[in-house]
Amino acid sequence: QVQLVESGGGLVQAGASLRLSCRASGRTFRSYAMGWLRQAPGKEREFVGALSRSGGTTYYADSVKGRFTISRDNAKNTVYLQMNSLKPEDTAVYYCAARRVAGADYVPEWWDYWGQGTQVTVSS
């Protein structure tokens, strides 16, 4: 089992950048594919991006492709979401997610563990 804690959210103006971090507990972080999802007020949770165990495979939602980058530091048990050129429509609670997988380059479509979320607000 893994516990996830996000940080780095805040209030920024459109066009700014933020980097979210998600630190995982335990000594098996390398066994988990990691993802980021978000939920805006009144909307369903949506996929933002995901990263394989190896870090060699990434997927992004079309709405963030070219602006957001996911990376991981296995030595620090941490996954990052670098968000550039932020837009008001990026405003949401951002959740880190994890799933233990066998394949080093496999990215799952659903997740077993979730963080508590961090608020990102982008003003126009």
Side-chain angles (χ1 to χ4, degrees):
Q1 189 168 354
V2 63
Q3 293 182 326
L4 306 172
V5 179
E6 302 98 332
S7 61
L11 171 63
V12 297
Q13 290 189 330
S17 297
L18 273 178
R19 189 177 79 159
L20 305 184
S21 299
C22 172
R23 182 171 172 80
S25 64
R27 293 182 287 181
T28 59
F29 180 68
R30 295 174 185 269
S31 300
Y32 291 84
M34 303 298 296
W36 288 95
L37 296 93
R38 67 186 182 186
Q39 188 167 19
K43 296 187 177 181
E44 293 188 353
R45 191 173 298 186
E46 66 174 2
F47 172 77
V48 174
L51 179 70
S52 63
R53 281 176 49 202
S54 68
T57 303
T58 55
Y59 290 108
Y60 297 96
D62 287 342
S63 58
V64 307
K65 202 171 294 183
R67 299 188 297 123
F68 291 11
T69 303
I70 298 175
S71 61
R72 65 190 297 159
D73 185 338
N74 287 339
K76 296 182 178 180
N77 278 18
T78 300
V79 63
Y80 303 99
L81 181 65
Q82 177 66 44
M83 305 185 294
N84 298 329
S85 303
L86 283 161
K87 304 176 181 180
E89 51 263 43
D90 294 319
T91 295
V93 177
Y94 283 72
Y95 297 91
C96 175
R99 184 180 180 200
R100 191 177 183 117
V101 296
D105 295 315
Y106 174 67
V107 177
E109 295 184 15
W110 61 89
W111 308 94
D112 295 323
Y113 303 101
W114 296 85
Q116 82 289 349
T118 185
Q119 177 71 47
V120 172
T121 303
V122 184
S123 63
S124 58

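Side-chain atoms are counted along with the backbone in the values below, which use heavy atoms only and exclude waters and symmetry mates.
Legend: disulfide bond (SG atoms under 2.5 Å apart) pairs involving residues 30-94, not counting sequence neighbours: none detected. Contacts classified as disulfide bond (SG atoms under 2.5 Å apart) and involving residues 33-87 (residues at least two apart or in different chains) are not found. For residues 11-20, no residue pair satisfies the salt bridge (charged side-chain N to carboxylate O under 4.0 Å, His left out) rule, not counting sequence neighbours. Listed by first and then second residue, the side-chain hydrogen bond (donor to acceptor under 3.5 Å, both in side chains) pairs that reach into residues 107-120 are Glu6-Gln116, Gln119-Thr121, sequence neighbours excluded. Applying the side-chain hydrogen bond (donor to acceptor under 3.5 Å, both in side chains) definition to pairs two or more places apart or across chains, those involving residues 70-82 are Arg72-Asn74, Gln82-Asn84. Sorted by first then second residue, the disulfide bond (SG atoms under 2.5 Å apart) pairs that include residues 24-68, not counting sequence neighbours, number zero. For residues 86-124, the set of pairs meeting the disulfide bond (SG atoms under 2.5 Å apart) definition, not counting sequence neighbours, comprises Cys22-Cys96. Within the structure, every pair that satisfies the salt bridge (charged side-chain N to carboxylate O under 4.0 Å, His left out) test and touches residues 48-64, not counting sequence neighbours, is listed here: Asp62-Lys65.
Taking Ser7 as the reference, Ser21 meet the side-chain contact (heavy atoms from CB on, under 4.5 Å) condition, with sequence neighbours excluded. In this view, Ser52 and Ser54 satisfy the side-chain hydrogen bond (donor to acceptor under 3.5 Å, both in side chains) rule, not counting sequence neighbours. With sequence neighbours left out, the side-chain contact (heavy atoms from CB on, under 4.5 Å) criterion links Ala16 to Val12.
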Can I get a per-line list of side-chain donor-acceptor pairs under 3.5 Å for residues 31-38, giving both atom names and the distance, sequence neighbours left out?
unit_1	atom_1	unit_2	atom_2	d
Arg38	NE	Glu46	OE2	2.6
Arg38	NH1	Asp90	OD1	2.9
Arg38	NH1	Tyr94	OH	2.9
Arg38	NH2	Glu46	OE2	3.1

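Note on Val122 and Leu20: same hydrophobic cluster, where clusters join Ile, Leu, Val, Met, Phe, Trp and Tyr whose side-chain heavy atoms are under 4.5 Å apart, directly or indirectly. Val79 and Leu18 end up in the same hydrophobic cluster when Ile, Leu, Val, Met, Phe, Trp and Tyr side chains are linked at under 4.5 Å. By the rule that hydrophobic residues join a cluster once side-chain heavy atoms approach within less than 4.5 Å of another member, Leu51 and Leu4 end up as members of one cluster.
Taking both residues in full, the closest heavy atoms of Ser25 and Val2 are given as O-CG2, 3.4 Å, listed atom of the first, atom of the second, then distance. Nearest heavy atom pair, residue Gly9 against residue Val120, reads CA-CG2, 4.1 Å.
Looking only at distances, no side-chain donor or acceptor of Ser124 sits under 3.5 Å from a matching main-chain atom of Pro88.
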Checklist entry - Checking side chain to side chain contact (heavy atoms under 4.5 Å, CB included) for the pair Ile70/Tyr60: CA distance, chi angles, key distance, verdict? => result CA-CA 9 Å; Ile70 298 175; Tyr60 297 96; 3.8 Å; yes
Next on the checklist: Under the criterion side chain to side chain contact (heavy atoms under 4.5 Å, CB included), I'd like the reasoning laid out for Leu81 against Phe68: C-alpha separation, chi angles, the key distance, then a yes or no.
Outcome noted: CA-CA 7 Å; Leu81 181 65; Phe68 291 11; 4.1 Å; yes
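Within a 6.0 Å radius of CZ in Phe47, more than 12 heavy atoms belonging to other residues, nucleotides or ligands are found. By the 6.0 Å contact criterion, CD on Glu89 is enclosed, its count of non-hydrogen atoms from other residues, nucleotides or ligands being greater than 12.
For the atom pair Thr91 OG1 and Leu11 CG, the distance stands at 8.5 Å (nearest 0.5 Å).
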